[in-house]
Amino acid sequence: MAAPAYLPQGAQPADGLAPRLLDGNKAAAYGVLLCRPDLIAAYPITPQTPLLEQLYKFKADGRLTAETVEVEGENSALSAALGVTVAGGRAFTATSSMGLTFMYDAYLFASGTRVPVVMVIAMREQTAPTTVSCGQQDLMMVKEGGWVQLVCESCQEILDSILVAYRLAEDPQVQLPVNVCYEGYYLSHLSEPVTVPAQEAVDRFLLPVRDKRRPVLGTEHPMTFGTYVVGELYAEYRYKHCQAMERAGGMLDAIDGEFRAALGRPYGGAVEAYRAEDAEFLMVTMGSAAGTLKVVVDELRKEGIAAGLARVRMFRPLPARELLGLMRGKRAVGVVDRSVSFGWNRGHLFIDVKAVAQDLEPRIPVVSFIGGLAGTDLRRDLLAGAARTTWERGRGRAGAEVIWLGLE
Amino acid sequence: MKEIRFHGRGGQGVVTAAELLAAALLRQGQFAAAFPMFGFERRGAPVSAFLRFDAEPIRERTQVYTPDCCVVIDPAIARMADTYQGLKPGGVVVANIGAAAMPAAVAVGVLAAVPATAIAAAELGRPAANTAVLGGLARATGWISVGALQEALADYFTGVALAANRRAVQRGHDETVVIRAEEATHAVS
């Protein structure tokens, strides 16, 4: 298990660069700039728009050499990025909410055809009712789409995850598209200190994928992408896709070592464990609420309540082995979701965690907490309440499996 | 950790004020995190922004409910008592109003009344009162220096606008009327 990467506690970056104030969108733009993409094709949508504005500013200033295409919609944005990527280039796009919905067929084409493109999802609620506020529902609509999905807690992690995303996507052992996901407003518009690494350090980190050792579309070696396939060959595609997902999951720890060597600090693994080892019960979440939950865990510890936190950083493929290891020996698990699965009527991450918890002996209570929808605040008191409820469940108190924070 | 809540309207530079202050705090060696909360972007709609700073990294990703300080850029919003909900006892208000316009119901520890609209009109030629108000914050709290604010302005403005905003910060600092607890009670009664 990797050490917590984003709690430097005053630590200075090894490369000596001073942190600067960047919001999540700008941090993402710096990450993209440093990866030297060949193409940026995107369509603006709240809350992702400032990311594009920053990229176009880089372009206007002559710092970004990528070709930029102003497409007429998200479907074309991702399709253009796919075209450049299969031709051997490095492409970037970003979207949110209904924009993601609008590119759905291209989204599935990207993963099914194993195109290693990188796309930001500035996470937002999904219509209807109509809103532009924060939520994780848009990501959940595509969690089965075959992409690798990384979910961030801080602006530094957003920048770093863009670098990791290209390293992972373009690795010949993986060759899958990667989403870097962060919540609208709570991260996209959160300004905090971010260290922008030196270009040489990023070049060094991306050296293993510099030569793009993958099938590349060109006139000298004609080939077909996305052909009509039936029967066993189709099953083989799926089988190999799943194997690639497995490898992607296993590679994050190795990439962490490379990241540390090139950039002087850890990136972290698939799950960040915070005071989890000696915890009586475990809270699980992903995204911005993890920061607040760390404060809650510290407060409960002061009261003598042994709380712990597991923050899922890689949502797909799900780090089941790591989660199982962290849950073993705990009395209860509480999962905080900023999304709802209709029909299950639980949070999406909860469903995953509960499935993993089936392998625990003895069984322990797993509670679903739904909150923070449409930009409502996952306040400290709400999260502390969720943690206390989970603690009580571990001590035998009965109660509902799903609790809507702030509604009940 | 100190928590500051900013109030104003879309187009008044509320979000920029919070970011500017965070950038200035960073220059003073503090950790700071700021974010705005608004829906569809439109001028004139109420906008809030939240800022935390500390010697340690900021981990909370929530809005601010019990601010140490409220910074109010819009005079009409500054006159409403609800604006100051949750203000800590003895808390600081930095507002773009005359001291007499401060709602009597609010228990303010330190009131900084900044003639920010007049300063902005004179220096910037438009009612962007956000930078003058930050000058008033520097004066009333000492949490940030005018120098650090003026340095941070270079991240957001260039040329004539940078010079004008630097003057606005300095004048905000110099022309703010600061009233401490007992006097404040007297002034608004």
Side-chain angles (χ1 to χ4, degrees), chain A residues 4 6-11 18-24 26 46-47 49-50 125 130-134 152-156 182-194 274 285 287-298 309 338 372 374-383, chain B residues 1 3-6 10 13-42 45 47-67 85-86 144 148-149 151-156 158:
Chain A
Y6 294 97
L7 289 173
Q9 299 296 338
R20 66 183 85 175
L21 191 80
L22 294 178
D23 66 24
K26 288 199 183 82
T46 302
T49 307
E125 281 297 351
T130 298
T131 182
V132 297
S133 302
C134 170
C152 305
E153 180 196 328
S154 72
C155 296
Q156 183 72 60
Y182 52 86
E183 287 146 299
Y185 297 108
Y186 283 94
L187 284 171
S188 71
H189 288 60
L190 174 82
S191 295
E192 62 177 0
V194 175
Y274 184 75
T285 195
S288 65
T292 314
L293 265 169
K294 285 172 189 169
V295 176
V296 167
V297 164
D298 290 351
L309 171 71
R338 209 165 207 155
T376 53
D377 214 27
L378 280 168
R379 299 190 315 260
R380 224 159 91 171
D381 59 303
L382 290 176
L383 294 175
Chain B
M1 183 173 65
E3 297 183 314
I4 304 177
R5 197 170 63 208
F6 292 75
V14 179
V15 180
T16 304
E19 279 187 31
L20 255 170
L21 180 56
L25 286 161
L26 205 58
R27 281 173 166 78
Q28 283 193 181
Q30 298 276 330
F31 288 92
F35 77 105
M37 194 46 67
F38 51 84
F40 289 103
E41 294 165 51
R42 60 218 152 112
V47 171
S48 306
F50 313 99
L51 181 145
R52 291 184 172 89
F53 71 95
D54 199 0
E56 300 292 321
I58 308 296
R59 299 182 295 179
E60 286 93 337
R61 271 85 171 90
T62 65
Q63 298 173 28
V64 168
Y65 296 95
T66 53
Q85 203 167 26
I144 190 74
L149 283 170
E151 262 187 53
L153 279 169
D155 295 350
Y156 295 85
T158 55

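For the numbers below, each heavy atom of this structure counts, side chains included, while hydrogens, waters and symmetry mates do not. Residue numbers begin at 1 in each chain, while the letters A, B, ... track the order of the sequences. Just so it is clear, the model here is predicted, and its values are computed rather than measured.
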Discussion item. What I want to find out is whether A:Asp298 reaches B:Arg59 closely enough, with some N-O distance under 4.0 Å, to be called a salt bridge.
Written reply: yes

Worksheet item: Does any heavy atom of chain A fall under 4.5 Å from the side chain of B:Ala32, the backbone, both, or neither of them?
Response: backbone

Practice prompt. Calculate, to the nearest 0.5 Å, the distance between atoms CD1 and CD belonging to B:Ile58 and A:Glu192 respectively.
Written response: 9.0 Å

Response to the item:
From the list B:Ala22, B:Ala152, B:Ala49, B:Ala18, the residue making the most non-hydrogen contacts under 4.5 Å with chain A is B:Ala22

Discussion item. For the residue pair B:Tyr65 / A:Asp381, report whether a side-chain donor-acceptor contact shorter than 3.5 Å exists.
Written reply: no

Practice prompt. Let me know if A:Leu378 has heavy atoms under 4.5 Å from chain B in its side chain, its backbone, both or neither.
Written response: backbone

Worksheet, complete the sentence: Residue pairs passing the salt bridge (Lys or Arg N to Asp or Glu O under 4.0 Å) test with at least one member in residues 18-29 of chain B, sequence neighbours excluded, are B:Arg27-B:Glu151, B:Arg27-B:Asp155

Worksheet item: Which heavy atom of A:Gly375 sits nearest a heavy atom of B:Gln63, and at what distance?
Response: O-NE2, 4.0 Å

Practice prompt. Give the minimum heavy-atom separation between A:Leu21 and B:Leu26, together with the two atoms involved.
Written response: N-CD2, 3.4 Å

Worksheet entry | Pair A:Arg379 + B:Glu60: basic N to acidic O under 4.0 Å | no

Fill in: B:Leu20 side, atom CG; A:Ser191 side, atom OG - distance, nearest 0.5 Å
10.0 Å

Worksheet entry | Donor-acceptor contact below 3.5 Å, side chain A:Thr292 vs main chain B:Arg61 | yes

Discussion item. Tell me every residue that passes ring pair (Phe, Tyr, Trp, His ring centres under 6.0 Å) with B:Phe35, counting only those two or more places apart in sequence or in another chain.
Written reply: A:Tyr186, B:Phe50

Fill in: Shortest non-hydrogen contact between B:Phe31 and A:Pro193, atoms and distance
CD2-CG, 4.2 Å

